[in-house]
Amino acid sequence: MSVRAFRGEILSVPHDPLTRPDAVRHEPDGLLVVEDGVIVARGPYGDLAPRYADVPVETLPGLIVPGFIDAHVHYPQMDRIASHGEQLLDWLDRHIFPAEKAFADRAHADAVAGLFLDELLRNGTTSALVFPTVHAASVDALFEAALARNMRIISGKVLMDLGPEGLADTPDSARAESEALIARWRGKGRLGYAVTPRFALTSSDAQLQVAGRLLADHPDVLLHTHLAENERECAEVAARFPDAADYLDAYDRFGLVGARSVFAHGVHLSDRACTRMHDSGAGIAVCPTSNLFLGSGFFDFGQAARHGLTLGLGTDVGAGTSFSMLHTAGVAYQAGLMRGHRLDPFRALYLATAGSAALLHIGDRVGGLMPGQEADFVVLDCAATPLLARRTAGADLVERLFALQILGDDRAIADTYIMGERTGRT
Ligand code: GUN
Ligand code: ZN
């Protein structure tokens, strides 16, 4: 049994500040006691230190916050980040589908999966819901790399029988390969599985039905897909599903809308869809840098708040322009303003941590830095750049946090810890 303690300024937002006045937890001089990777105590140093007098204490300079949780990101798109010139559907055809074809090669998938997870850690991201490719081996590559790093990663083979040549599976192969992957990876390390139809336009009705069946047969898995992201996409979905009330309804008809459903984007949602989403318990991974990069629009935080939607935050790399969840939170604030909403810095931190955790159904394990949860955390350096140092000097907590979101990125991640172990980020 190993017990260790970390002393420093600790901040987490385990609950949504929109609905809970007691959402923010902050100890200016706190102690985090970790036993076998799990937090057993947290509180003011002065209160806890006498009880843990025998435990070795490491003092961490900086702001200790929960490891970030990226609620939507594509690992095979890492090398296509910053691809110029197109909106969603043309961008997929021109830049993304050719790159994803290369993941038929297991050695390529292994190499990129390792680099991708190291980049997450460099940015303070310790958990993520990840799109791989249509190839089952791309999931094996990611899960093996995640297991080696003891990261909490959720993923699942992409279903896309209407995809281009070289990336198209079939309803039958989708079912068989998904079943085999679930059987192979269930219960291993900190991994989780998500049934992952790419989006409504790349799966036949027969394959969407397969996805619904997989979900019904495996109540522990998530549903992960894209929803109402880009205007042309929405128009094509409306044309393909003329009887559906809206984009969400197209998924609903196949049993894909439920409490374990994670929809990326949701930029263009009807009030009906929001009501249905709330009633079903489904939620949205908000991806502001991606929405800006592809000209998709601005997420409507006000509409989501009115409907009480469950939200998390995603980078959506490679349409997203940064792996940094700090930067993504800062862009979420700016996107919110475009539709009249002022995202509070504590709520932005919540979305990047406990909010994403709740969305991914791992909120009992991570995201809040609370006793009973796993000790995934990062140490933020408010003086990581001369400008940050100047802007945060003498500033109060909320100002420092907002400055980190607007000015910060991977440079502000002093250290990343997985279950109490320093990852030695490079
Ligand atoms: N919709 C379907 N596939 C994708 C993708 O790879 N990225 C984004 N941003 N949207 C999608
Ligand atoms: Zn995406």
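The analysis underlying the following values was restricted to heavy atoms, covering all of them including side chains, and did not include hydrogens, waters or symmetry mates. In listed order, ligands and their atoms are each counted from 1.
Using cut-offs of 30° and 60° for the angle between ring planes, the His224 and Phe131 rings count as perpendicular. Ring planes of Tyr251 and Tyr247: tilted class, angle from 30 to 60°.
The protein heavy-atom contact nearest to atom 3 (N) of ligand 1 is Arg198 NE, 2.9 Å. Remark: minimum distance from atom 10 (N) of ligand 1 to any protein heavy atom is reached at Glu229 OE1, 2.7 Å. For atom 4 (C) of ligand 1, the closest non-hydrogen atom on the protein side is His226 CE1, 3.4 Å.
In the vicinity of His265, heavy-atom distances shorter than 4.0 Å reach the ligand 1 atoms 9 (N). The Asp316 neighbourhood of ligand 1 comprises atoms 8 (C), 9 (N), with distances under 4.0 Å to a heavy atom of that residue. Counting the atoms of ligand 1 from 1 in the order shown, those under 4.0 Å from a heavy atom of Gln77 are 5 (C), 6 (O). In the vicinity of Ala319, heavy-atom distances shorter than 4.0 Å reach the ligand 1 atoms 9 (N). Ligand 1 places these atoms under 4.0 Å from at least one heavy atom of His74: 5 (C), 6 (O), 7 (N).
A salt bridge links Glu144 with Arg106: at least one charged nitrogen is closer than 4.0 Å to a carboxylate oxygen. By the 4.0 Å N-to-carboxylate-O rule, Arg122 lies too far from Asp118 to be salt-bridged with it. Between Glu177 and Arg184, no side-chain nitrogen of the basic residue sits less than 4.0 Å from a carboxylate oxygen of the acidic one, so the salt-bridge criterion is not met.
In terms of modelled atom types and a separation under 3.5 Å, the side chain of Arg260 and the main chain of Val221 share a donor-acceptor contact. Thr392 places no side-chain N or O within 3.5 Å of a backbone atom of Ala395 that could act as its donor or acceptor partner.
Here Leu92 has side-chain heavy atoms under 4.0 Å from ligand 1, and that is the only part of it that gets that close. Of the heavy atoms in Thr202, none comes closer than 4.0 Å to ligand 1. Neither the backbone nor the side chain of Phe293 comes within contact range of ligand 1; no heavy atom lies under 4.0 Å. The residue Asn230 has no part lying near ligand 1, judged by heavy-atom distances below 4.0 Å. Contacts between Glu233 and ligand 1 below 4.0 angstrom, taking non-hydrogen atoms only, are absent altogether.
Looking at Trp91 next to ligand 1, no N or O pair under 3.5 Å apart turns up.
Put simply, the side chain of Tyr75 does not reach to within 4.5 Å of the side chain of Thr133, judged on heavy atoms.
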For Asp205 and Gln209, run side chain to side chain donor-acceptor pair (under 3.5 Å): C-alpha distance rounded to whole Å, both residues' side-chain angles, the deciding distance at 0.1 Å, then the answer. CA-CA 6 Å; Asp205 287 14; Gln209 229 148 29; over 6 Å; no
Donor-acceptor contacts, no H, no angles, side chain residues 330-339, under 3.5 Å, sequence neighbours left out:
residue	atom	partner	partner atom	Å
Gln334	NE2	Gly330	O	3.1
Arg339	NH1	Val267	O	3.4
Arg339	NH1	Phe298	O	2.6

Can I get a per-line list of side-chain donor-acceptor pairs under 3.5 Å for residues 305-317, giving both atom names and the distance, sequence neighbours left out?
residue	atom	partner	partner atom	Å
His307	NE2	Asp271	OD1	2.9
Thr315	OG1	Asp70	OD2	2.6
Thr315	OG1	Val317	N	3.4
Asp316	OD1	His72	NE2	2.9
Asp316	OD1	His74	NE2	3.1
Asp316	OD2	His265	NE2	3.2
Asp316	OD2	Ser290	OG	2.7

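Of all non-hydrogen atoms in Glu100 and His135, the two that sit nearest each other are O-CE1, 3.3 Å.
Distances under 2.8 Å from the Zn ion (ligand 2) pick out the protein N/O/S atoms His72 NE2, His74 NE2, His226 NE2, Asp316 OD1.
Residue contacts with ligand 1 leave out Phe131, since none of its heavy atoms falls under 4.0 Å from the ligand.
Applying the salt bridge (Lys or Arg N to Asp or Glu O under 4.0 Å) rule to Asp376 yields the partners Arg190; only residues at least two apart in sequence or on another chain are considered.
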